[in-house]
Every structure is written in C-alpha cells, then in structure tokens.
Amino acid sequence: MQFQSLPGFREFYPDACARRNHIFGQWKQVARAFNFQEYDAPVLEPLELYIEKSGEEIVGQLFNFEDRGGRTVALRPEMTPSLARLIGAKANSLKRPIKWFNIGEHYRYEKPQKGRLRAFYQFNVDIFGESGPAADAELIALLVQALRTFGLDSKDFKVRLSDRDLWLLMLAAEGLDEAGSATVLGIIDKLERTERPKAIEQLYKVLGDGAEGFLGRVEQAIAIRDFDTLSEFILSLPLEGDLATQAKQRLKDWHALLGGIKSAGAADFIQIDLGIVRGLAYYTGFVFEAFEASGEGRALAGGGRYDALVNKLGGPEMPAVGFAMGDVTLVDLLESKKLLSTYVESPDFIAIIGGAEARDAAMSDAALLRSMGYRVDYPLKDQGFGKQFKDANQKGARFALIYGSEEIEKGVVKVRDFASGVEQEFLRNQLVELTPELVSNGLQECRP
RNA sequence: GUGGCUAUAGCUCAGUUGGUUAGAGCAUCGGCUUGUGGUGCCGAGGGUCGCGGGUUCGAAUCCCGUUAGCCACCCCA
C-alpha cells in the first residue's frame, strides 16, 4: 500500500523546511522590531467558536468532527476567534495597547489550487485597546515592513486601503438603512469580479430604478486614488446634522492615518482603493489588503478594524485592529521575484579521519566542539581522504579537521580553512582556547 | 460543486505510422591504492510506462473507464 500526503497538505523536506523557517524568522524579527509579543493558542477548538463568529455556512469549509467525548470540534481556520477569547478573558488586566503576534498553521477544507492549500501558515498581528487611527497606522506600517524585509518593494506590492465607515456614510447619504447597506456592501465587495449588468441587476433588488445611477456613483468613489479627491467627494455628499459631523471626523481620521503611514516611510506602498470592502461583516472601520502590484496572484495579506468582535464573543468592549499574512502566496511571489535562495545551514567543521585511532580522536574533539555550540560533522564510515574532502566540500563545511596518523602521533589536529586553502596545526588540548579565534577570523595566508 | 490539461526512474524529460530486453541528463550509491576541493573518469542500483479493462500476433503508444495531480471557475475568515 502506497501512502500519499492528504491533498492540500505539504511535506517539508529539509530545504523547504529551512526556507519556511527563514520566512518565520523574518516575520518574527519584524514583529519584535515593532515590539509585538508572541502568543499561541490551540489548533483544535470548539466548532461553535467559529459558527458564533462567522455563521453556519462556515462549517462547509472547516475540518470538523466529533471527538471521543462527543464534542464537536474543528481545526482552526483562522486565529482571530481564539485570540479574541484570550483577550476577552483577561481584558481588564492586560496593559494597553495590547500588541500581539502569532505564527501558526491553519486549516480549511477547500479545493487546493494555486496560492491556496488546506494547511497553511499565517502570520497574525493584532492591536487591542486603541481605537484611534494611530493603531491602524502602526499595523499597516508593520505589514509593509513584513513584506519589504524579503526584498519586495513598492513595484512588487501595494496595500489597498479602504474604509467601511466611509461606505456606511455614503450609503446613508443614498438613503439606505443598515440592512440595505450590508447587502450593498456585499455587492460592492465583489464588484471587481462581477459583470456590470449583473451588478445592476443585484443592486436593483435593493435600490430599484436608482440602481444604475447608484452604481455610477459607486464606481466614481472606487476610482478615487488620493486623499484630496476623497475629501472633496465625501464633503459633497448630501449629509446633514450628525452624519455630516461624522463625515468630517472620519476625514480627520483618514488624515491622521495617512500621515502616520507616511511618517513610517510606508506611503509609497499605499493605494487608496474603496473597492476593498472585505466581505466579512465584523469589520468596522479601516480595511486593507496587500496585493501583488502586477495584479496577478492572490492577496498577500488582509486585515482591518474589528471593534465589536471581542464583545460579540463574550468579552468586554475592546477596540481591535489586525491582519493576517499567509505563507503560500508569499512564497509564490518571492519565488517569482527570485528573492529566495537556499537556507540549509552548513557545518563549521567536518573531520577527515585516517583510521581507527584517528576516529577516536576525532569523535572526542567533535564532542568537545559540539558542547561549545559549534556545528560539527564527521563521516560515519571509513573512506579515502579524497572522498572525504570532496564530501566535506559538498556539505559546505567551513573547516576540515584532519586526523591522520602523523597528527595523532604529535597530539595535534591539522585545520584546513576551505575558503583560503590555508592549513595550520593545532594542539588538540588547546582547542577550547583556540577555536573561537579560529572561527571568527579563519586562517589567513601568512605574509612575512 | 463545474470545467480544462496532465500522468514514463527520486527530479526534468525522450520514446518514430503500434514492433526485440523502455532510454538520457541530473540526483543517489560504489570504485578510480588511507594525505587533500564542488565541476574528472569508470561502474551500479532504480520503472507492473498512474490503475483497470478493451482492440491487436504484438500496446508506453490506439479506444473506454477510473484514480490522482495541476490549472481555472465558485468560494475565500
């Protein structure tokens, strides 16, 4: 019987695993640089947690089952509900702002295809306890940095920035109530992939004869790419009283957000684009998605504000903003831009062993160097010198430790620096003292 | 859930109108005297040609079915 891995699940051979760890390392480093703290949460959760957040239809896309105790459970498809629970449970004792991140595997039962698997890693970054746009700016700056750290620049990706609050104001100006707004936002979210007549048909159900004119105004809004035009557009909306005040305040928030992003050096990566709505109902303010600039490929990351979710999942009122970045589309992009190399680590030392007696000496020295934290290897079976040197080279060793009968007799080991070709004998009983200097400087050609 | 494409060695692929025992490169392993460098030379292992049926004297090749993978649509927290 031949076994294969399950569809959409990956196996990581050492080179792939090293590459994955490199990506995690970069993510982690950026999160640390922004002073976010790492947390973790269970991979398996009660199914109800996800239904509560996203509704029954979610179940079709979950790895869910009944455990032996009769509990209905699911592998986590995302981190946010677990995180919201963690936050909610200790909300009153956590110092704010709460800046947390996680890197973990997530699972969705979907048909695997390009950029999308059933098991994937996500970099989740969130800020809780700060409702002002400074938090959104901080998070977007981190998102941009988390992509730039791989060598991607503003020609490679953009962060499209939108705002559900502005949309709600625009829709209020159109006379839509809350329910109507929700429906229309869903349509706007998909506008990019919908043919125009079809969109009008969908809008007609909510707006009647005004659908086509409405769509025109929506398209006008979506085309806006700079703040001044956006500002003008919003101020020209037929809003009165409280709504007009809200609109002005919201523009101030936009101004602050864009200012913050600019100060963080991320302005080149931002593209105002109200076409981004993000289908999820729980988003409440600014929303954003990082996209490959070419327009090809899937979203690299997505996020936004979700001020109501912690409360909805049983916690106190807690403003929140966060994003998630997946590893699958990121690796696709980095590969296409040739920004990934090989990350397998090479040994510091490989012993070249002349015979049985030499083997004892080599193993004893290897044990010593290993205990000092150096990466040391030696051949597990006796082989000719030529072959051993060849192998040492292929493994990328920095130094050869040569143990032949002459060296053993003298109580030394001959060290060869593969980079310079220089060899020097070291007294074996002085390895502890001499090795740090050797590793930091290597062996150089001696000049008189 | 719908559609398209593909399937030959670990990987990338050849394989003629159907014709002996299915090949190459890379990779792996061994050898080229137990004292010196990645690309050199010699050699070896490794394939039920995805699987099942059919046509034929004869099938990797033609036909039918099936499975898996990839890609696109749907969806995408």
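Below, chain A is the first sequence line, B the second, and so on; all start at residue 1. Computed over heavy atoms, backbone and side chain alike; hydrogens, waters and symmetry mates excluded.
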message: Show the nearest heavy-atom pair for residues F286(A) and D163(A), with the distance to one decimal.
response: N-OD1, 3.7 Å
message: Please determine whether any donor N or O and acceptor N or O are separated by less than 3.5 Å between the side chain of Q383(A) and the base of rU34(B).
response: no
task: Would you kindly give the CE-to-C1' distance between M79(A) and rA77(B), to the nearest whole Å?
output: 13 Å
query: Among rG40(B), rU36(B), rA77(B), which nucleotide sits nearest the side chain of R108(A)?
result: rA77(B)
- prompt: Using a 3.5 Å cut-off on both pairing distances, which stems of three or more Watson-Crick or G-U pairs include RNA chain B?
  reply: B:1-7 with B:67-73, B:10-13 with B:23-26, B:28-32 with B:40-44, B:50-54 with B:62-66
query: Of all the choices, rC71(B), rA77(B), rC29(B), which nucleotide is nearest to the side chain of Q61(A) once you look at every atom?
result: rA77(B)
query: What is the nucleic acid contact for T80(A), judged by heavy atoms within less than 4.0 Å: base, sugar-phosphate only, or nothing?
result: nothing
field: P-based separation of rG50(B) from rA60(B) [nearest Å]
entry: 10 Å
task: Kindly point out which of rC75(B), rG30(B), rG37(B) is positioned nearest to the side chain of K387(A)?
output: rG30(B)
message: Any donor-acceptor pair, under 3.5 Å, between the side chain of R116(A) and the base of rC76(B), if you only look at N and O atoms?
response: yes
query: Quick one: which of rA72(B), rG35(B), rC75(B) gets closest to the side chain of K114(A)?
result: rA72(B)
Pairwise side-chain contact, L340(A) with L334(A), heavy-atom cut-off 4.5 Å (strictly under): yes
query: Using the P atom in both, what is the distance from rU48(B) to rG30(B), to the nearest Å?
result: 24 Å
message: Whole angstroms only, please: what is the CD-P distance between E357(A) and rG35(B)?
response: 16 Å
query: Across the strands shown, which category fits K395(A) at heavy-atom distances under 4.0 angstrom: base, sugar-phosphate, nothing?
result: nothing
statement: Assign each of E110(A) and S5(A) the nucleotide of RNA chain B bearing its closest heavy atom; nearer the 5' end lies the nucleotide of S5(A)
field: Donor-acceptor pair between N64(A) and Y109(A) side chains, under 3.5 angstrom
entry: no
- prompt: Which part of the nucleic acid, if any, lies within reach of Q388(A) when heavy atoms closer than 4.0 Å are counted: base, sugar-phosphate only, or nothing?
  reply: nothing
C1' atoms of rA22(B) and rU16(B), separation to the nearest Å: 14 Å
message: Of the options rA72(B), rC75(B), rA77(B), whose atoms approach the side-chain atoms of K111(A) most closely?
response: rA72(B)
message: Tell me the interatomic distance from F385(A), atom CZ, to rU34(B), atom P, rounded to whole angstroms.
response: 11 Å
- prompt: Would Y50(A) and E48(A) count as having a side-chain donor-acceptor pair, cut-off 3.5 Å?
  reply: no
- request: Quick one: do F269(A) and F157(A) satisfy ring pair (Phe, Tyr, Trp, His ring centres under 6.0 Å)? Show the steps, please.
  value: CA-CA 7 Å; F269(A) 296 86; F157(A) 77 93; 4.9 Å; yes
message: Classify E407(A) by what it touches in the nucleic acid, base, sugar-phosphate, or nothing, heavy-atom distance under 4.0 Å.
response: base
message: From OH of Y403(A) over to C1' of rU34(B), roughly how many Å is that when rounded to an integer?
response: 17 Å
- line: Separation of rC29(B) atom C1' from L380(A) atom CG, nearest Å, is 15 Å
- line: Of rC76(B), rU2(B), rG37(B), the nucleotide closest to the side chain of R416(A) is rG37(B)
message: Between the base of rG37(B) and the ring of F389(A) - centre-to-centre under 5.5 Å, planes within under 30° - is that a stack?
response: no
- prompt: So what does P81(A) hit on the nucleic acid, given a heavy-atom distance under 4.0 Å: a base, only sugar-phosphate, or nothing?
  reply: nothing
query: What is the distance from OH of Y107(A) to C1' of rC76(B), rounded to the nearest Å?
result: 19 Å
field: ring pair (Phe, Tyr, Trp, His ring centres under 6.0 Å) between F9(A) and F63(A), worked out
entry: CA-CA 13 Å; F9(A) 284 75; F63(A) 274 92; 5.7 Å; yes
field: Salt bridge present between R375(A) and E345(A) (N-O < 4.0 angstrom)
entry: yes
query: At under 4.0 Å between heavy atoms, what does G421(A) touch on the DNA or RNA strands: base, sugar-phosphate, or nothing?
result: base
task: Indicate the ring-plane relationship of F123(A) and W27(A), choosing parallel, tilted or perpendicular according to the 30° and 60° boundaries.
output: parallel
task: Ignoring backbone atoms, test whether K381(A) places a side-chain nitrogen or oxygen under 4.0 Å from the OP1 or OP2 oxygen of rG30(B).
output: yes
field: Side chain of N393(A) - closest among rG38(B), rG35(B), rC76(B)
entry: rG38(B)
task: Please check if any side-chain donor atom of D126(A) sits under 3.5 Å from a side-chain acceptor atom of Y306(A), or the reverse.
output: yes
field: Spacing between D15(A) atom CG and rA27(B) atom C1', to the nearest angstrom
entry: 13 Å
- prompt: Nearest-Å distance, CG (D189(A)) to P (rC75(B))?
  reply: 10 Å
task: Tell me what I352(A) touches on the nucleic acid: a base, only sugar-phosphate, or nothing, going by heavy atoms under 4.0 Å.
output: nothing
